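Notes to accompany the following structure.
Being a predicted model, the structure only gives us computed values, none of them experimental. The figures here come from the full heavy-atom set of this structure, side chains too, leaving out hydrogens, waters and symmetry mates.
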Amino acid sequence: VVIVQDQWQGGGDCASSARDRSVARLFTETLGRLPGEATLADLSAKSGTVAGRRSAAAPILASAEARKRFIDAEYVRITGARPTVGSRDLWLTRLRAGRQPRALRAALYGTPAFRIRIGASTEAFVAGIYAAEQAGAVPQAALDLARQRTAAGATREQIAAELLGRTELVDAFVTRTFRIWWGRAPTAAERTTWRNRFAAGPEMAVLADLIAATPLR
């Protein structure tokens with residue numbers, strides 16, 4: 001492992017072991033950077049077991065640095081624009097206080113920026129969510145739900161929160177997450193297991209478990 005100014009220098013396979021690669025993946029996916037030499041040595045030593053990998057992942061996922069990166073990424077993914085400093089600070093406070101990442105997604109789907117991006121109709125709203133979540137075609141039941149809730153006076157944010165809890169959207173989230181951490185799509189059994197875990201939440205704790213369960217490679 002080559003370290004220059006307390007950072008790795010080199011390509012994607014710069015780590016000297018599967019444990020080092022596990023730590024590198026954790027840092028690049030959550031923080032967008034590589035760890036320094038001391039951090040690498042410490043976390044690599046812990047990463048030989050599932051419990052050790054969880055103890056490494058959980059505090060990083062809960063860090064302000066990781067949360068800021070997550071907020072920025074979700075804003076760009078859903079609204080097409082980065083958050084203002086005030087918006088980022090607001091969601092940092094909310095996440096720190098225990099609000100779940102799904103609440104951020106629902107709030108962003110309810111913004112004027114998302115409406116402008118995908119169109120004002122209920123059909124465009126629901127289709128936009130399914131497209132952004134990579135969930136495939138919109139089921140008629142989801143569209144019916146959105147129409148009924150709109151007629152009842154629900155806000156777009158409230159409707160988005162309900163839609164994000166639907167099985168196909170949770171499955172899409174599990175599949176995206178698996179591809180990031182496991183490098184493949186989940187099996188049907190894995191999808192069911194992790195769908196139930198994420199549905200029960202809290203999301204970041206479950207994500208730490210999923211990261212910890214990732215086979216070393």
Side-chain angles (χ1 to χ4, degrees), residues 29-30 32 61 66-95 97-181 184-186 188 190-192 194-204 206-207 210:
E29 293 294 346
T30 59
L61 290 171
R67 284 172 172 160
K68 285 179 183 177
R69 190 166 186 265
F70 166 73
I71 292 166
D72 285 359
E74 291 295 80
Y75 261 83
V76 171
R77 183 175 72 86
I78 294 172
T79 72
R82 292 173 64 84
T84 64
V85 173
S87 295
R88 183 188 297 114
D89 288 346
L90 174 64
W91 276 102
L92 273 174
T93 300
R94 288 175 174 176
L95 293 174
R99 292 287 294 277
Q100 294 302 301
R102 188 185 294 178
L104 169 61
R105 298 184 190 102
L108 294 178
Y109 285 126
T111 59
F114 184 69
R115 182 188 293 255
I116 291 170
R117 192 179 192 192
I118 54 86
S121 70
T122 300
E123 292 78 8
F125 170 66
V126 177
I129 292 176
Y130 272 72
E133 297 296 317
Q134 301 174 28
V138 176
Q140 186 62 45
L143 187 56
D144 290 344
L145 170 65
R147 287 170 173 160
Q148 291 163 7
R149 298 291 286 124
T150 298
T155 66
R156 286 283 174 97
E157 179 178 348
Q158 291 170 332
I159 297 169
E162 293 186 46
L163 291 174
L164 289 171
R166 288 181 57 86
T167 296
E168 62 273 9
L169 284 171
V170 179
D171 281 353
F173 172 77
V174 170
T175 297
R176 293 198 316 274
T177 305
F178 246 75
R179 290 189 185 281
I180 291 170
W181 294 103
R184 62 170 175 82
E190 289 167 339
R191 185 179 296 110
T192 299
W194 290 102
R195 175 207 308 148
N196 293 337
R197 292 286 309 279
F198 278 111
E203 185 175 312
M204 286 295 102
V206 178
L207 179 57
L210 186 147

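- To the nearest 0.5 Å, the span separating OG1 on Thr30 from CH2 on Trp181 amounts to 5.5 Å.
- The CZ atom of Arg88 sits 7.5 Å away from atom NZ of Lys68, with the distance rounded to the nearest 0.5 Å.
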Query - Chi angles and distances behind the side-chain contact (heavy atoms from CB on, under 4.5 Å) call for Gln134, Arg179 - result: CA-CA 13 Å; Gln134 301 174 28; Arg179 290 189 185 281; over 6 Å; no
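- Atom CG in Leu90 sits 9.5 Å away from atom CG in Leu95 (nearest 0.5 Å).
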**Report entry** Check against side-chain contact (heavy atoms from CB on, under 4.5 Å), Tyr75 and Leu108
**Finding:** CA-CA 7 Å; Tyr75 261 83; Leu108 294 178; 3.5 Å; yes
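- Minimum heavy-atom separation, Val206 to Arg197: CG2-O, 3.4 Å.
- Checking side-chain atoms of Gln100 against main-chain N and O of Glu203 turns up a donor-acceptor pair under 3.5 Å.
- Closest approach of Arg191 to Pro186, counting heavy atoms only: NH2-O, 3.4 Å.
- Listed by chain and number, the residues in a side-chain contact (heavy atoms from CB on, under 4.5 Å) with Arg149 are Leu145, Ala152, Ala154, Ile159, Glu162 (sequence neighbours excluded).
- Between Arg166 and Pro139, the closest side-chain pair of non-hydrogen atoms falls below 4.5 Å.
- Heavy atoms only, all atoms of each residue included: Arg67 and Leu61 are closest at CG-O, 4.1 Å.
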Report task. Quick one: do Leu104 and Phe70 satisfy side-chain contact (heavy atoms from CB on, under 4.5 Å)? Show the steps, please. Result -> CA-CA 10 Å; Leu104 169 61; Phe70 166 73; 3.5 Å; yes
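- Here the closest heavy-atom approach between residue Gly136 and residue Tyr130 is recorded as O-CB, 3.8 Å.
- Interatomic distance, CZ of Arg195 versus CG of Leu169, reported as 11.5 Å (0.5 Å rounding).
- Applying the side-chain contact (heavy atoms from CB on, under 4.5 Å) rule to Asn196 yields the partners Thr192; only residues at least two apart in sequence or on another chain are considered.
- When every heavy atom of Ile78 is checked against every heavy atom of Phe114, the shortest pair comes out as O-CD1, 3.2 Å.
- Side chains of Asp144 and Gln140: a donor on one and an acceptor on the other come within 3.5 Å.
- Atoms CH2 and OG1, on Trp194 and Thr177 in that order, are 10.5 Å from each other to the nearest 0.5 Å.
- With values rounded to the nearest 0.5 angstrom, Arg82 atom CZ is found 11.5 Å from Ile71 atom CD1.
- The cationic group of Arg156 lies under 6.0 Å from the six-membered ring centre of Phe125 and within 45° of the ring axis, placing it in a cation-pi geometry.
- Look at Arg77 and Glu133 and you find a salt bridge, because one of the NZ, NE, NH1 or NH2 atoms lies within 4.0 Å of a carboxylate O, short of that distance.
- Across every non-hydrogen atom of Ala146 and Val126, the tightest pair is CB-CG2, 3.4 Å.
- Side-chain atoms of Arg69 come within 3.5 Å of backbone N or O of Glu29 as a donor-acceptor pair.
- Side-chain atoms of Arg99 and Trp91, non-hydrogen and from C-beta on, do get closer than 4.5 Å to each other.
- Not a single donor-acceptor pair under 3.5 Å links the side chain of Arg102 to the backbone N or O of Ala199.
- Here the side chains of Phe173 and Leu164 are not in contact, with every heavy-atom distance at 4.5 Å or above.
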